[in-house]
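Everything below concerns the one structure shown next.
Proteins get letters first, then strands, A, B, ... in listed order; numbering begins at 1 in each.
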2 protein chains.
Amino acid sequence: MKKVSLKDIAKKAEVSTATVSYVLGNKKCRVSEATKERIRAIAQELNYQPNQIAQSLKSGKTYTIGLIVADISNPFFSNIARVIEDEAAKFGYTVIFGSSDESAEKSWKLIQFLKNRQVDGFIIVPTENSEAQIEYLQEQKMPFVLLDRYFPQLNTTNVAINNFEIASEMVKDLIKTSPKKIGMIAYKNSLIHMEDRIGGFQEASKSIESFIERVGFNAIEAEVELALENLLQKKVEALFFATNSLAVAGLRVLQQKNIKIPNEIAIASFDESEAFEFFYSPVSYIQQPINQMGTRALQLLLNKVNTPELQEKTEILTAECVFRKSSQR
Amino acid sequence: MKKVSLKDIAKKAEVSTATVSYVLGNKKCRVSEATKERIRAIAQELNYQPNQIAQSLKSGKTYTIGLIVADISNPFFSNIARVIEDEAAKFGYTVIFGSSDESAEKSWKLIQFLKNRQVDGFIIVPTENSEAQIEYLQEQKMPFVLLDRYFPQLNTTNVAINNFEIASEMVKDLIKTSPKKIGMIAYKNSLIHMEDRIGGFQEASKSIESFIERVGFNAIEAEVELALENLLQKKVEALFFATNSLAVAGLRVLQQKNIKIPNEIAIASFDESEAFEFFYSPVSYIQQPINQMGTRALQLLLNKVNTPELQEKTEILTAECVFRKSSQR
DNA sequence: TTGATTTGATTAAACGTTTAATCATATTTG
DNA sequence: CAAATATGATTAAACGTTTAATCAAATCAA
């Protein structure tokens, strides 16, 4: 069952492919109504579907965008992917995605890969040390939007949240019962979102003793356990997790060590997780505006795709604190 | 910064585009080493990247596969997507995905959409009433593999799990302390995976009184609450959830109604969820072999893509029961 | 009636590749 | 030394579209 092309329709209708193209493309052109009808009927009959590859080659547009996230299996990113997918579909765009695993090398491979596939633009959650990749895209005049994180020294279009302020707000709540020591578990990641979360933590806890433990991306379980043990030795009375993955790993350890939350230690976390609500002491968390993040990123990208010389801008959306029992001593 | 094409390299190297194509494509051909070197150097210098769109148009292959899941934001599917993505990348394939939301209409739109984008094949988690779509793909000789569910009456290649047996095993464990009544909450979905889970439940609980409540996909929260209330009225002493989403909604209600698990009611669920482990009485669940499901589906698809007349086959992988406290009375 | 305009459609080139067929030139063979 | 072969490269068509340029015939105006 060969694919039906314009040529097939043209042959059957005894006209040129150009005529068929004009008619099916609804271009303004001079073709008699009779011929139009005939062509449309035949197209319908043969169930003609235009070959987008050929269209893309001609037009230089693929109506495809590349989405690079840290890890599509992380609910935060899969939820954002879902939003972007839905929003893109509204405008006739398809989404191709890839996971960088926070590795600049993988990220570069993905960029090359997707660029060869001629995506019209990128939405990228950048990894550490990927500045050069971003600058490369700029040189190539390839439209893109950075999401979740960005590089302050680079003039790019970004969609992010008020990490510093919201972390500070959450931590202030965490220490409102005046503990003497507080701890934070964050990733070993120098990107702005992480630094801002840490900055907010420090700002809010500057009046008391604070400790920060940072773990790598690889052996989260083991490293978080170690980090937590260090903090327990310091006798922290409150604990702030920089992401949901860290919190879940942390909860596991806390539960296992049978530490009473919030009485012995009050806790709160960034991001959401289904686990938070069912932990015996429901976990306070910072809710990111995922829908907005996805739709804005896509909107800004499409703007750039359609208007190349647009000014770069950074959009900072506001997250919200959801207070539950885990932080109320 | 226009894109560099074979033509640009050819001009600079003062040879024909054909020669450049042969050299960069590493085809066996008769070109002197000197020329080869010159061409390769220029390609490197100009940072030539082949235009995959043009290649695809010529070859009829896009090295792209379409993945249609029920909902990419559901961890079960995003995890599978991740596995498929990684596996596909190994073979130089890209994944384009879409969420059907269990709607045959959306599924059809996605199939059309992806087909126009000339994907080489599909991995589809089919929705109810999409048999015609599947048959259409067969007529079109479009390679595809069905995942998670399939239509027994259609001769297709499928990757699924032993839903009946594993559900039966879990339910048998659930009733080993001889409760008199057991309930199940399932989706209103006539597809085989759901029917088999229900079948396994019935088979295992045939010696006692059993009740089945089925809820729609839309207002899960409200419907699950209603279903649960019905079952509570029947005074069931054990409860089996057909999926993680149903279980999470159910746990919410159970927690709110302050029902003691497992003492008042023993529970177990299909699928995993981060919530299960942190529920005060960790939830027993059926763990699906997600890695295998993804890799096998992709493998079978690539086999079909490369060997069109391959025989259809159904691969049934085995899930495992993970017993925790919630089912031990 | 002649020239200008409108109408309905075709031609041909282009997008960036791939690849069979062909063609000079150089080298080997008998 | 002529014929056969090997070497290094080019030509041209094709994939399925789009679209500017062109063309022939019919209609109109003067």
query: Are Thr62(B) and Arg117(B) linked by a side-chain donor-acceptor pair shorter than 3.5 Å?
result: no

Asn51(A) CG to dC15(C) C1', in whole Å, measures 13 Å

Applied to residues 52-61 of chain B, the salt bridge (charged side-chain N to carboxylate O under 4.0 Å, His left out) test, sequence neighbours excluded, yields none

The complete set of ring pair (Phe, Tyr, Trp, His ring centres under 6.0 Å) pairs with one or both residues in residues 99-120 of chain A, sequence neighbours excluded, reads Trp108(A)-Tyr136(A)

Lys28(B) atom NZ is separated from dA20(C) atom C1', nearest whole Å, by 12 Å

When rounded to whole Å, the NZ to P distance for the pair Lys3(A) and dT17(D) reads 11 Å

Worksheet item: OP1 or OP2 of dT18(D) less than 4.0 angstrom from a side-chain nitrogen or oxygen of Ser21(A), does that happen here?
Response: yes

Taken to the nearest whole Å, OH/Tyr48(A) to C1'/dT17(D) is 7 Å

To the nearest 10 degrees, the angle between the two end axes of the helix from dT1(C)-dA30(D) to dG30(C)-dC1(D) (five pairs per end) comes to 60°

Scoring nucleotides 4-14 of chain D by protein non-hydrogen atoms under 4.0 Å (B base, S sugar-phosphate only, - none) yields ---BBBBB--B

Separation of dT17(C) atom P from Tyr63(B) atom OH, nearest Å, is 16 Å

Taken in chain and number order and not counting sequence neighbours, the residues that satisfy side chain to side chain donor-acceptor pair (under 3.5 Å) with Tyr22(B) are none

With sequence neighbours left out, the residues meeting side chain to side chain donor-acceptor pair (under 3.5 Å) with Thr127(B) are none

On DNA chain C, more 5' by nearest nucleotide between Lys27(B) and Ile53(B) is Ile53(B)

In whole angstroms, the gap separating P of dC15(C) from CG of Leu6(A) amounts to 19 Å

In short, salt bridge (charged side-chain N to carboxylate O under 4.0 Å, His left out) pairs touching residues 299-315 of chain A with sequence neighbours left out are Arg296(A)-Glu315(A), Lys304(A)-Glu312(A), Lys313(A)-Glu315(A)

Self-check item: Under 3.5 Å side-chain donor-acceptor pair for Ser103(B) and Ser100(B)
Solution: no

Residues pairing under salt bridge (charged side-chain N to carboxylate O under 4.0 Å, His left out) where one sits in residues 40-52 of chain A, two or more places apart or in two chains, turn out to be Lys12(A)-Glu45(A), Glu37(A)-Arg40(A)

Sorted by chain and residue number, the side chain to side chain donor-acceptor pair (under 3.5 Å) partners of Asp86(A) (sequence neighbours excluded) come out as Arg82(A)

Q | Phosphate contact (dT18(C) OP1 or OP2) by Gln55(B) side-chain N/O below 4.0 Å | A | yes

